[in-house]
Structure formats: structure tokens, C-alpha cells
Amino acid sequence: MTAPAPERRRAPKMSPELRRQMIVRSTLALIAEHGLALTTRQIALAAGISEATMFQVFADKDELLHACMVEAARPDEVLRELAGIPLDGSVTARLLEAAGALEAYLTRMGTVMAYLEASGHARAWRESAASTAGLREVHEAVESVVASLAALLAPEEDSLRLPPGQIAQAYFDLLFARSRVLGRPLSDSQLPGLVQLLVHGALMTTDAPRG
């Protein structure tokens, strides 16, 4: 006599928050891979759910993309990497190492922002009252990263022409601007020149060290 097949157990039901995180992470991966060619059907397939289930979690695609921007800006990992950069090296070495730490973070943020702008969702986000908290989270995340960059300039504070925070913001903006150009990331060969420009300025002087 054939033994009865064991009863199939259903997987534990996922909480709304976990499902939300899964959908957001799947969407971020798809944006990085496909850029502007992204549909809600692709997102649902990547997350292993139906489109109907996805819209039980998010009211519409705008809300999903806004959640993706907040997640992309989350700075926990990059802050740990920046905090681990030693201050005993040259300021040039510190800024180069910081660029390496920021690469994945800025690429992720830049790709999502480029997608939001090109697809017309960025303006809707900025003008939506529901996005206020999300925008605040993104701004606070960026401010914390810029503050960590400024801390890397602290040993030279007395000899800087501008406060460390202003220089750090300029450096962040330069790197972030490049990250928003899809398919044209800032190459390793360009970074040393950019850092030299930031540290020593555009004009060569007799007292400005080279290299």
C-alpha cells in the first residue's frame, strides 16, 4: 500500500513590512539593470508576487518609486566605511578612499534619481504632501554622509580656504552629479585629477604641491 503523500505546508505569511522591503529591493535591482525600461509586471515577477498583491502594499507606482529613493539613500553602510578611513594619510588619499566608499551608494542613488526624473516621477514626488517624510529622510541621509566627509578634512581645518562642510558638500555634489549620468560613471582614472582640483585649485602656484 502506497504511503499517503505528506501534507504540503504553506510558507509562513509575510508581514506587510517585509513584503514592502522585498518589493523595494527587487525594484532597485531592476532599475539598476534595466534603467528606464521597467514595468510593474517586471517588478511583480522579480518579487515573486502578482501585480495585484504589489498594489495591496503600494497605492501606485509613484509610492513604490518614492520608497525606492528613500531606501537607496539609506547611508548606514557608507557611513561605516567613511568612519573607517584613517586620518593619518594625506588629504588626497583620504578623499580618494572616500570616493571608493561612496561609489556604490552614489550609483544607487543616482540611478534611481535619474529614473525618477526621466520618467516624470521626480516632480510628482516633490509636490506630493505624502512625500514630505520621505524627502526629509533623504535629506538627512545626505547630510550625514556630507558630515562624515567633512570629518575627513578636520585635520586640515586651520589651513582650509572654506569650512570643511562646504568643501565636503562640493565634493559630494561633484561625485553625485556624475552618478546620475546613466552609463557614464566616474572612472578611476578621472578621480585623482578631480581630487587634485578640489585640494589644490585650478591654478598652479609655486607653493602648491603636485601629485
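Computed from a prediction, not measured in an experiment: that's the story for all the values here.
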What side-chain donor-acceptor pairs closer than 3.5 Å can you find for residues 68-79, not counting sequence neighbours?
from : atom 1 : to  : atom 2 : distance (Å)
E71  : OE1    : R74 : NE     : 3.2
E71  : OE1    : R74 : NH2    : 3.3

Applying side-chain hydrogen bond (donor to acceptor under 3.5 Å, both in side chains) to S50 and not counting sequence neighbours gives T53

Of all residues at least two apart in sequence or in a different chain, which pass the side-chain hydrogen bond (donor to acceptor under 3.5 Å, both in side chains) check with S90?
none

Between CD1 of I43 and CG of L64, what distance do you get to the nearest 0.5 Å?
5.0 Å

Within one Ile-Leu-Val-Met-Phe-Trp-Tyr cluster: L87 and V146, side-chain cutoff 4.5 Å:
yes

With the 4.5 Å side-chain cut-off for hydrophobic clustering, are L197 and L175 part of the same group?
no

Apply side chain to side chain contact (heavy atoms under 4.5 Å, CB included) to A150 and list each qualifying residue two or more places apart in sequence or on a separate chain.
P164, A168

State which residues pass salt bridge (charged side-chain N to carboxylate O under 4.0 Å, His left out) with E97; sequence neighbours excluded, sorted by chain then number.
none

Counting N and O atoms only, with roles assigned by atom type, does the side chain of H200 sit under 3.5 Å from a partner on the main chain of Q196, one being a donor and the other an acceptor?
no

Restricting to side-chain hydrogen bond (donor to acceptor under 3.5 Å, both in side chains), what partner residues turn up for Q166, sequence neighbours left out?
none

Output for pair (L102 CG, T107 OG1), nearest 0.5 Å, gives 10.0 Å

If you measure from NE2 on H66 to CG on L135, what distance do you get to the nearest 0.5 Å?
8.5 Å

Considering all heavy atoms, the nearest V57-P16 contact:
CG1-O, 4.4 Å

Report yes or no: do V195 and L160 belong to one cluster of Ile/Leu/Val/Met/Phe/Trp/Tyr joined by side chain heavy-atom distances under 4.5 Å?
yes

Nearest 0.5 Å, please: how far is CG in L65 from OG1 in T27?
7.5 Å

Salt bridge (Lys or Arg N to Asp or Glu O under 4.0 Å) partners of residues 137-159, not counting sequence neighbours, each pair once
R94-E156

Side chain to side chain contact (heavy atoms under 4.5 Å, CB included) involving D173 - partner list, sequence neighbours excluded
Q169

Test your reading of the model: is there a side-chain donor-acceptor pair from Y171 to the backbone of L149, 3.5 Å cut-off?
no

Identify the heavy atoms of Q42 and L30 that sit nearest to each other, and give their distance.
O-CD1, 3.5 Å

Who passes salt bridge (charged side-chain N to carboxylate O under 4.0 Å, His left out) against R108, sequence neighbours left out?
none

